[in-house]
Amino acid sequence: MDLYEYQGKELFRRVGIPVSDGRLAANPLEAREAAQQLGCPVVVKAQVLTGGRGKAGGIKLATSPGEAEEHAKAILGLDIRGHVVRKLWVEKASDIAKEYYLSLTFDRGARMPLFIFTTQGGVEIEQVAEESPDALVRLHVHPLEGFRPWQARRLIYGAGLTDASEQKQIAAIISKLYDAFTRFDAMLCEINPLIVTPAGEVRALDSKFSVDDNALYRHPDVAEMRDLAAADPLEALAREKGVTYVKLDGEVGVLGNGAGLTMSTVDVVTFAGGRPANFCDLGGGGDAQGVVDALSVITRDPQVKAIFFNIFGGITRCDEVAKGILQALGEMGLELPIVVRLDGTNAEEGRRILRDAAPANLSVEPTMLEAAQKAVELAAA
Ligand code: GDP
Ligand code: MN
């Protein structure tokens, strides 16, 4: 789960990383009031889950509350690479002498968290990596040993920082960033830019914070930060119902059990010349409620013209799934063509149940490929 800048900064604040004072605003008037309360100048910042807001016109400096209001008008509703701005963070403006970069993320290859620090901040880190790779200092932290103060020193000296006060402040921030990363089960914590003010104060001017979805149960306060309105409405509905769903842009609705089989189903639909409308994993269960929930999400997408239901019975038996499908169809009164492929435990029994009682829009195919071909054909009809 990705957090907005202001939410990431809130977590930074909790671990003691210095950030600027700010207020959230959802409309121009609130932005004006925020500027009044904070005192000008302020920066008005678009809150969207994508970077490069500055270049896209999503970050503007205001020297008066009236100007903050005007900027808010211009930024709200702006489309930044597919993300529409609905919220603003109005922050006390900082004077910037230097812009550094600091991040902590997972290096999956090394199976360890990885710090990256460079004095060339402010721009995209990928650009720095390409143009001056030597400027990036990298350091792994062994998760069992944990973070040690010498690691901060290595990052700082490695980047060539010589100012004693900066060294001290940044060492503290590095250590606190590791705290934030472990305490909130983060996947990524990035500060770009980490600024030094003309007075020599170091502060996080931006935040990119990603928390492991699987750990959210341990952080109800962070889980609450999720912005359902910003997500794709179908994906939000799916999450509400506990359905694993990713919207794609084709016409064949895909429903499988298990992430691996569902991925293969997406592939085989493509192989058969069609385009999958979604990825939807029923998970381990195949009970009627699970099927109803998944189908109700899939069919909410008007692009879906046919549904391919691909089930491999393991622990979930095919006869149970077949009953679930029938019960779900009975409850929903679905008219779209549905192609079912059942295999695995009790597949024979499951197919028989479907053949005996299935409505006319449901057909059963013996193999995954044949089922995919049929679904693609029906979607095109
Ligand atoms: P991003 O473009 O989405 O990464 O957003 P940032 O929060 O990193 O802001 C982009 C740039 O705007 C920064 O690198 C700064 O140069 C500038 N900026 C942001 N906040 C301030 C501020 O308080 N004062 C000044 N002078 N510039 C700022
Ligand atoms: Mn940034």
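Throughout, residue positions are numbered sequentially from 1 according to the sequence presented. Counting starts at 1 for both ligands and their atoms, following the listed order. None of the values given here were measured: they were computed from a predicted structure. No hydrogens, no waters, no symmetry mates; every other heavy atom, side chains included, goes into these values.
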Trainee: What protein heavy atom sits nearest atom 7 (O) of ligand 1, and how far away is it?
Mentor: K45 NZ, 2.7 Å

Trainee: Contact between ligand 1 and E91 is defined here as a heavy atom of the residue under 4.0 Å from a ligand atom; is it met?
Mentor: no

Trainee: Do L194 and V202 touch side chain to side chain, with heavy atoms closer than 4.5 Å?
Mentor: yes

Trainee: Considering non-hydrogen atoms of the protein only, which is the closest contact for atom 9 (O) of ligand 1, and what is the distance?
Mentor: I59 CD1, 3.3 Å

Trainee: Judging by distance only, is a nitrogen or oxygen of T50 under 3.5 angstrom from one on ligand 1?
Mentor: no

Trainee: Answer yes or no for atom 11 (C) of ligand 1: protein heavy atom present at a distance under 4.0 Å?
Mentor: no

Trainee: For P193, take its heavy atoms, then give the atoms of ligand 1 lying under 4.0 Å from any of them.
Mentor: 8 (O), 14 (O)

Trainee: Are side-chain heavy atoms of V141 and M112 found at a separation under 4.5 Å?
Mentor: no

Trainee: What's the separation between atom OG1 in T197 and atom CD1 in I96, rounded to the nearest 0.5 Å?
Mentor: 10.0 Å

Trainee: Give the residue, atom name and distance (to 0.1 Å) of the protein heavy atom nearest atom 1 (P) of ligand 1.
Mentor: R53 N, 3.6 Å

Trainee: Which residue and atom name correspond to the protein heavy atom nearest atom 24 (N) of ligand 1, and how close is it?
Mentor: S94 O, 2.8 Å

Trainee: What pair of heavy atoms forms the shortest contact from A31 to A72, and how long is it?
Mentor: CB-CB, 3.6 Å

Trainee: Polar-atom distance check: G54 versus ligand 1, any N or O pair below 3.5 Å?
Mentor: yes

Trainee: Would you mind reporting whether L354 and L342 have side-chain heavy atoms less than 4.5 Å apart?
Mentor: yes

Trainee: Which single N/O/S atom of D206 lies at minimum distance from the Mn ion (ligand 2)?
Mentor: OD2

Trainee: Step by step, would you call E166 with Y100 a side chain to side chain donor-acceptor pair (under 3.5 Å)?
Mentor: CA-CA 11 Å; E166 278 181 30; Y100 299 158; 2.7 Å; yes

Trainee: Step by step, work out the side-chain contact (heavy atoms from CB on, under 4.5 Å) result for D206 and E5.
Mentor: CA-CA 6 Å; D206 191 7; E5 174 196 1; 3.5 Å; yes

Trainee: Do P149 and S175 come close enough that some side-chain heavy atom pair is under 4.5 Å?
Mentor: no

Trainee: For atom 27 (N) of ligand 1, find the nearest protein heavy atom and state the residue, atom name and distance (0.1 Å precision).
Mentor: I96 CD1, 3.4 Å

Trainee: May I ask you to identify the nearest protein heavy atom to atom 18 (N) of ligand 1, giving residue, atom name and distance to one decimal place in Å?
Mentor: L205 CD2, 3.9 Å

Trainee: So for ligand 1, is A93 a polar contact partner (N or O within less than 3.5 Å, distance only)?
Mentor: no

Trainee: For ligand 1, which atoms sit closer than 4.0 Å to a heavy atom of G52?
Mentor: 1 (P), 2 (O), 3 (O)

Trainee: Please tell me whether F12 and F184 form a close aromatic pair, meaning their ring centres lie under 6.0 Å apart.
Mentor: no

Trainee: Mark yes when over 12 heavy atoms from residues, nucleotides or ligands other than R81 sit less than 6.0 Å from its CZ; otherwise mark no.
Mentor: yes

Trainee: Got a sec: does the CD of E335 have more than 12 other heavy atoms crowding it under 6.0 Å?
Mentor: no

Trainee: Just to confirm my output: which protein heavy-atom neighbour is closest to atom 6 (P) of ligand 1, and how far is it?
Mentor: D206 OD2, 3.4 Å

Trainee: Between D95 and ligand 1, which residue portion shows a heavy-atom distance shorter than 4.0 Å: side chain, backbone, both, or neither?
Mentor: neither

Trainee: Is the shortest N/O to N/O distance between E99 and ligand 1 below 3.5 Å?
Mentor: yes

